[in-house]
Amino acid sequence: MRIDERFKELRDYILEKQYGHLNAQQREAVLYGGGPLLILAGAGSGKTTVMVNRIAYLIKFGDIYNSSYTPDNLTDEKLEALEKIANLYKKTQDIDLELPDDIFGTKGVSPVNILAITFTNKAANEMKERVSELVGNTADHMWINTFHAACVKILRRNAEELGYTSNFVIYDSTDQESLIKECIKEIDLNEKYFRPRDVKNHISRLKDELKTPEDYRKEVAGQYRDEQMARVYTLYQEKLKKNNAFDFDDLINKTVELFYLKPHILEYYQKRFHYILVDEYQDTNHAQYMLVKLLSDYHKNLCVVGDDDQSIYGWRGADIRNILDFEKDFPNTKIIKLEENYRSTKTILEAANQVIDNNAYRKAKKLWTRKEEGDKIYLYEASDEWEEANFICGQIQNMILKYELNPGDFAVLYRLNNQSRVIEETLIKYSIPYRVYGGYRFYDRKEIKDIVAYLRVIANPADDVSLRRIINVPKRGIGAVTLANLEELAARKGESLFGILIDMEEENYDIGRGQKSVQEFGMLVSRLIAIKEVMTLTEFIESLVDMTGYRDALNPEDPEDKERLANIDEFLKAASEFEQSNPEAGLVEFLENISLISDIDGLDEGQNALTLMTLHSAKGLEFPVVFIAGMEEGIFPSARSVEEEGKLEEERRLCYVGITRAQRQLFITYAKMRNVYGTTLFNMPSRFLDEIDGNYVESLNGSSMSRSIPSKVSNRGTKGKREFTLGEKVMHKRFGIGTIVAVTDRGDDSELSIAFDQGGIKKFLASLAPLKRI
DNA sequence: CCAACGGAGATTTTT
DNA sequence: TCTCCGTTGG
């Protein structure tokens with residue numbers, strides 16, 4: 001055999017062994033050469049492992065597996081060294097050999113030439129860390145970023161090309177909404193008919209599809225409502241630019257625009273990124289698809305990882321077709337399916353498979369596991385949401401005692417955030433420690449947004465939206481009229497509000513009654529800008545909080561204000577930490593960090609507490625024991641989703657995501673009766689339950705298990721136990737005083753007919769009606 | 001300019 | 001039912 005043939009054989013053998021800890025498909029995905037690669041990674045199939053190892057493989061050895069590569073000066077000695085290693089592998093199984101990086105005489109791909117994109121900071125950080133574990137800190141030179149962070153990097157460098165300056169700020173959805181409100185007012189549209197929130201979402205979807213205001217205007221010509229929408233969109237974009245601000249969608253959008261506008265910039269990045277990897281590809285929208293397509297168009301080494309069955313963000317603009325049609329969009333695509341699941345029991349996995357099998361729009365695949373059969377899926381029918389919570393908590397308490405589990409082993413998942421309230425209250429009764437994820441974010445708090453608005457104005461004086469937010473916060477006597485005068489003047493002079501403030505004295509502007517307050521405010525801002533130069537970031541923010549009077553406006557005796565003060569301190573802590581870990585960074589970078597890193601990552605991670613969160617937030621996570629609560633028609637699937645097959649399929653995927661979060665045990669509960677927004681609903685059990693084979697399910701109603709629940713905690717005070725008698729006088733919160741004219745027994749509850757003094761007889765359930773005895 | 005009232009509205013949210 | 005806004009009246 002020729003020496004180079006032997007080399008290739010040994011090379012590939014050693015590489016296979018080097019990744020011998022992976023299963024065959026995972027290994028194939030790691031070692032597969034360049035060109036478009038679609039890795040369909042089912043839930044719990046080890047996709048992060050694959051991505052991380054693929055990156056490490058490229059960096060260590062380069063893309064040499066199954067290639068024609070042989071070293072230039074291949075000698076017998078070199079070959080012998082390889083033979084030795086191969087023999088080592090042959091003799092022992094499971095050997096973990098640390099190979100020298102240049103063992104095959106290659107340099108490997110430089111980390112600089114690799115781009116890895118994720119959706120969340122959490123995923124990006126995890127990937128960074130795990131790659132570093134394998135290749136050391138050379139990974140620092142690699143771009144492992146979220147879509148948004150990667151785009152910001154590009155935009156900061158090239159902002160001028162788009163008519164922005166590099167100190168641009170990023171608007172979050174609140175800022176977007178206030179700007180849109182402004183546009184709606186300016187165009188004189190009816191806010192009832194053009195609700196800012198809806199308009200915002202509409203524009204956001206247009207941006208996802210890379211439609212410019214102009215595109216859209218042409219597209220909808222002749223349709224009144226959409227035409228107005230196009231006008232708002234046009235104005236909105238103008239204002240964003242005037243404010244030197246991008247919204248989240250723009251970050252992607254404008255980067256693509258930049259690439260179209262300036263081919264040489266695109267070319268630079270195209271040539272730079274030899275290998276591109278995209279995580280959670282099923283969640284990409286059209287703009288992100290385009291970005292990735294453009295960037296990979298030169299080297300064509302695009303590897304995407306995702307699971308069409310876990311595409312649950314269609315409503316946010318994610319286009320599942322990106323993953324479904326990947327091989328059509330990228331010719332010569334290699335598809336590798338990771339179908340072995342390392343997470344759940346056979347029962348859980350089988351149930352998940354059965355549910356998802358009802359979807360038409362998906363890639364054929366079927367997860368399997370070597371794991372044991374495991375317990376059946378436990379199903380419980382509760383009478384109402386309180387009893388449901390009670391059941392869940394009782395089970396958890398039992399299992400903690402019986403199986404020595406910790407609260408941290410459990411998660412309760414639900415479709416709607418507001419379902420958490422009842423569960424929380426019940427958890428408190430049971431003294432089970434818990435953490436609620438999602439909902440309100442730290443940086444969304446009013447006091448934090450206020451401080452951030454100050455900082456933004458200082459970093460980017462063009463930011464009228466932020467200036468408007470804080471010009472009278474805390475109250476300094478600049479009301480609507482004064483502000484309107486200011487705005488009018490700014491518009492007339494073609495200046496930003498900030499510019500007017502600064503030029504106030506010099507130009508002898510007359511604002512009217514608020515003149516003095518405005519002047520003082522202008523001086524305050526000037527002073528802030530001055531002291532910023534001589535202070536660290538943290539010192540500066542601290543001074544800002546004091547000098548603006550923000551701190552003084554809060555009363556430490558008031559519990560709400562006390563909380564605010566604590567949050568401001570927390571914010572200062574975050575600033576100081578940021579400074580420490582980014583000594584080079586300034587205010588602009590800090591603000592960017594705030595915008596892109598939404599919550600303090602892994603704040604309480606490792607705390608031994610039960611997890612409460614929506615099914616959406618649970619994607620990517622796993623727990624030994626999972627409860628899915630509120631499995632009812634109208635809740636899950638949500639009432640809004642059942643009209644459209646596409647939406648229903650997304651709900652079903654969400655259900656699939658939920659089921660596959662569970663490692664060992666899965667409990668599903670539903671309530672016969674549920675109070676939603678003040679009205680009582682009698683929902684049917686979810687259709688998704690019918691899709692699971694009954695053999696996999698064990699009903700806990702009336703079984704010994706449900707009777708072993710610890711002493712029943714009463715249903716929310718007197719609810720459900722309230723007895724009313726015929727002829728009694730009662731006070732109803734809405735209908736006023738009335739007399740009970742009939743009481744009908746309804747099992748645990750009773751139905752009351754009440755004749756109100758104001759007229760009319762109405763029927764209520766005793767447990768639910770807001771009634772007081774008088 | 002501010003606080004108090006009342007009506008509408010209320011999925012899911014990686015950035 | 002609860003919360004957020006915009007309006008209103010002082």
J.: Between P on B/dT15 and CG on A/L596, what's the gap in Å once rounded to a whole number?
T.: 9 Å
J.: Below 3.5 Å, can you tabulate the donor-acceptor pairs from side chains in residues 480-487 of chain A to any protein atom, sequence neighbours excluded?
T.:
unit_1, atom_1, unit_2, atom_2, d
A/N485, ND2, A/I511, O, 2.8
A/E487, OE2, A/R468, NE, 2.9

J.: Please identify each residue that fulfils side-chain contact (heavy atoms from CB on, under 4.5 Å) with A/S173, with sequence neighbours left out.
T.: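 For A/S173, the residues satisfying side-chain contact (heavy atoms from CB on, under 4.5 Å) (neighbours in sequence not counted) are A/Q176, A/K200.
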J.: Could you work out the separation of B/dT12 and C/dC5 based on their P atoms and round it to a whole Å?
T.: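 Pairwise P distance, B/dT12 against C/dC5, rounds to 16 Å.
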J.: Tell me, for nucleotides 4-13 of chain B in 5' to 3' order, what letter each nucleotide earns: B for a base near a protein heavy atom under 4.0 Å, S for only sugar-phosphate near one, - for neither?
T.: -----SBBBB
J.: Can you name the residues that form a salt bridge (charged side-chain N to carboxylate O under 4.0 Å, His left out) with A/R157, not counting sequence neighbours?
T.: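 Applying salt bridge (charged side-chain N to carboxylate O under 4.0 Å, His left out) to A/R157 gives none.
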J.: Quick one: salt bridge (charged side-chain N to carboxylate O under 4.0 Å, His left out) partners of A/K241, sequence neighbours excluded?
T.: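 Once residues adjacent in sequence are excluded, A/K241 has no partner under the salt bridge (charged side-chain N to carboxylate O under 4.0 Å, His left out) criterion.
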J.: For nucleotides 1-3 of chain B, list the nitrogen or oxygen atoms of the protein found under 3.5 Å from its nitrogen or oxygen atoms, one pair per line.
T.:
unit_1, atom_1, unit_2, atom_2, d
B/dC1, OP1, A/G479, N, 2.2
B/dC1, OP2, A/A480, N, 3.3

J.: Please name all residues satisfying side-chain contact (heavy atoms from CB on, under 4.5 Å) with A/H286, sequence neighbours left out, ordered by chain then number.
T.: A/L210, A/Y289, A/M290
J.: Whole-Å distance between B/dT14 C1' and A/N121 CG?
T.: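 For the pair A/N121 CG and B/dT14 C1', the rounded distance is 9 Å.
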J.: Please list, for nucleotides 4-10 of chain C, all pairs of protein and nucleotide N/O atoms separated by less than 3.5 Å.
T.:
unit_1, atom_1, unit_2, atom_2, d
C/dG6, OP1, A/K181, NZ, 3.2

J.: Nearest whole Å is fine: how far is B/dT15 C1' from A/H148 NE2?
T.: 4 Å
J.: What is the distance from CG of A/N125 to P of B/dT15, rounded to the nearest Å?
T.: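 Distance, rounded to whole Å: 10 Å.
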J.: Only counting residues at least two apart or in another chain, list the ones meeting side chain to side chain donor-acceptor pair (under 3.5 Å) with A/E388.
T.: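 Residues passing side chain to side chain donor-acceptor pair (under 3.5 Å) with A/E388: A/T669, A/R674.
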J.: Kindly write out the residues that satisfy salt bridge (charged side-chain N to carboxylate O under 4.0 Å, His left out) with A/E129, not counting sequence neighbours, or none if the list is empty.
T.: none
J.: Any salt bridge linking A/R564 with A/D558? Criterion: basic side-chain nitrogen under 4.0 Å from a carboxylate oxygen.
T.: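 No.
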J.: Applying side-chain contact (heavy atoms from CB on, under 4.5 Å), can you list everything that pairs with A/A245, at least two apart in sequence or on another chain?
T.: A/V169, A/Y171, A/L240, A/N243
J.: So, using side-chain contact (heavy atoms from CB on, under 4.5 Å) as the criterion, who are the partners of A/A553 when residues are at least two apart?
T.: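 For A/A553 the side-chain contact (heavy atoms from CB on, under 4.5 Å) partners, ignoring immediate neighbours, are A/P474.
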